[in-house]
Amino acid sequence: AEDEVTLFERDMKEFWIQFKISYGTEQNNQTSALRDLCKETIEALSEKWSKKLKEEDLMIDKIQEYNNEILQQSKYVAEKEEQLTEIKSKLNQEEEQQKTLTDSIQELKEELMKKMEIKSSKNKAAKEKVEQVNKIKTLFKEHLGLEMRRIHDEQLQFIFRHIDHKDPDKPYICTLSINEQGDYEVTACTPPLDCIAELQLKLRETNNFSAFVANIRKAFTALSYK
């Protein structure tokens, strides 16, 4: 803008110089020519500056257009950055959820493995106890008048005879099972014995199955004399 003002001032100075020269040397003869020259000069200047103003207006419009485009691009970039931030946040949440799910699955697998190991250990212990019972089954039957039967729900029934001297064939029955904890448990006793809970506890503590059966027989024998 400063250069254009300077250029305008320079043009006006040249005009007045020409005007003064023309006026001083040919004042009387060239008045009409000077008037025409003044008119032409003013028209030329007007046309020149009108063109410059139009160019400047076009330049201003172009700059404004560029500014608007930049503003639109800035808004577009800001929106995309916001969308990208949301996508990253969702991805992070999904990764955390995936990690949590993976950890939960791993914990469930470990818990299942432990339960399977415990179950296998219990099954093994139960199998060993059943085998122990089977080994002494014949011995008890021959020497103690005892018969053992496997009944429903994996229970073992002991039928004692030759206890009541008045009725040797009268059965005295005790039913035994192995509970979920792998311990012996008396589920039935006919006729009832007051000491059955004590004998059951002693069996769990000592795991001496033979002594338990012998003690049950003694208790039934003592009861038969009452």
Side-chain angles (χ1 to χ4, degrees), residues 1-15 41-134 150-156 175-188 197 200-207 209:
E2 185 177 355
D3 291 340
E4 293 176 355
V5 172
T6 302
L7 181 62
F8 177 76
E9 290 177 352
R10 187 184 66 187
D11 291 341
M12 291 300 296
K13 287 180 180 180
E14 290 178 356
F15 166 75
T41 302
I42 291 174
E43 288 177 352
L45 288 175
S46 297
E47 183 179 356
K48 180 179 179 179
W49 284 103
S50 177
K51 183 178 180 181
K52 284 185 175 293
L53 289 174
K54 289 180 179 179
E55 291 176 351
E56 288 181 357
D57 288 341
L58 291 174
M59 184 63 68
I60 291 173
D61 292 341
K62 199 68 176 178
I63 292 173
Q64 186 62 39
E65 183 179 347
Y66 288 155
N67 288 336
N68 291 336
E69 290 181 0
I70 292 173
L71 181 60
Q72 293 297 326
Q73 290 294 330
S74 298
K75 290 181 178 180
Y76 178 79
V77 171
E79 291 175 356
K80 293 302 179 183
E81 288 179 347
E82 184 177 356
Q83 292 176 2
L84 182 60
T85 301
E86 292 178 358
I87 292 173
K88 288 182 178 180
S89 177
K90 290 181 180 180
L91 288 175
N92 290 334
Q93 292 178 357
E94 290 178 357
E95 288 178 357
E96 291 179 358
Q97 292 175 354
Q98 181 67 29
K99 185 177 182 302
T100 302
L101 180 60
T102 302
D103 293 342
S104 299
I105 292 174
Q106 184 61 32
E107 290 178 0
L108 289 174
K109 286 182 178 179
E110 293 176 357
E111 183 178 353
L112 180 61
M113 289 298 295
K114 290 180 180 178
K115 288 183 177 180
M116 290 178 65
E117 291 176 358
I118 294 173
K119 183 177 180 180
S120 177
S121 177
K122 289 181 178 179
N123 289 340
K124 183 179 179 181
K127 184 177 179 180
E128 291 176 351
K129 289 180 179 180
V130 171
E131 289 177 353
Q132 180 185 7
V133 170
N134 290 333
R150 186 188 297 267
I151 60 175
H152 60 86
D153 296 331
E154 296 299 320
Q155 297 184 94
L156 194 60
T175 304
L176 193 68
S177 69
I178 298 174
N179 60 25
E180 294 181 356
Q181 288 73 36
D183 296 326
Y184 289 112
E185 181 176 350
V186 176
T187 59
Q200 174 181 271
L201 178 61
K202 191 173 182 179
L203 173 61
R204 291 180 178 179
E205 292 175 348
T206 63
N207 202 34
F209 194 79

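Side chains are part of it too, since the values below use all heavy atoms of this structure and drop only hydrogens, waters and symmetry mates.
- To the nearest 0.5 angstrom, Ile87 atom CD1 is 8.5 Å from Lys80 atom NZ.
- The line from CD1 of Ile60 to CG of Asn67 is 11.5 Å long, rounded to the nearest 0.5 Å.
- Under the 4.0 Å criterion applied to side-chain N and carboxylate O atoms, Glu79 and Lys75 are not assigned as salt-bridge partners.
- Separating the CG atom in Leu112 from the NZ atom in Lys109 is a distance of 10.0 Å, to the nearest 0.5 Å.
- Other residues, nucleotides and ligands place no more than 12 heavy atoms under 6.0 Å from the CD atom of Glu47.
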Residue pair Lys115, Glu111: steps toward the side-chain contact (heavy atoms from CB on, under 4.5 Å) verdict = CA-CA 6 Å; Lys115 288 183 177 180; Glu111 183 178 353; 3.5 Å; yes
Check the pair Ser89, Thr85 against side-chain contact (heavy atoms from CB on, under 4.5 Å), reporting the backbone distance first and the verdict last.
-> CA-CA 6 Å; Ser89 177; Thr85 301; 5.6 Å; no
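- Panel note: side chain Asn179, backbone Gln181; a donor-acceptor pair is recorded below 3.5 Å.
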Output, in order, the C-alpha distance, side-chain angles, deciding distance and verdict of salt bridge (Lys or Arg N to Asp or Glu O under 4.0 Å) for Arg150 and Glu154.
-> CA-CA 7 Å; Arg150 186 188 297 267; Glu154 296 299 320; 3.2 Å; yes
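- Remark: Leu58 CG to Ile63 CD1 distance equals 11.0 Å, nearest 0.5 Å.
- Residues Val186 and Leu203 have side chains not in contact (no heavy-atom distance under 4.5 Å, counting atoms from C-beta outward).
- When the shell of 6.0 Å around NZ of Lys124 is examined, it contains 12 or fewer heavy atoms from other residues, nucleotides or ligands.
- Considering CG of Asp183 and CD1 of Ile178, their distance stands at 9.0 Å, rounded to 0.5 Å.
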Return all side-chain donor-acceptor pairs below 3.5 angstrom for residues 91-108, not counting sequence neighbours, or 'none' if the list is empty.
| from | atom 1 | to | atom 2 | distance (Å) |
| --- | --- | --- | --- | --- |
| Asn92 | ND2 | Lys88 | O | 3.2 |
| Lys99 | NZ | Asp103 | OD2 | 3.2 |
| Thr100 | OG1 | Glu96 | O | 2.9 |
| Thr102 | OG1 | Gln98 | O | 2.8 |
| Ser104 | OG | Thr100 | O | 2.9 |
| Gln106 | NE2 | Glu110 | OE2 | 3.4 |

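- Between Glu65 and Glu69, the closest side-chain pair of non-hydrogen atoms falls below 4.5 Å.
- Around the CD atom of Glu43, the shell of radius 6.0 Å holds more than 12 heavy atoms that belong to other residues, nucleotides or ligands.
- Of the inter-residue distances, the one linking Thr187 atom OG1 with Gln200 atom CD reads 9.5 Å to the nearest 0.5 angstrom.
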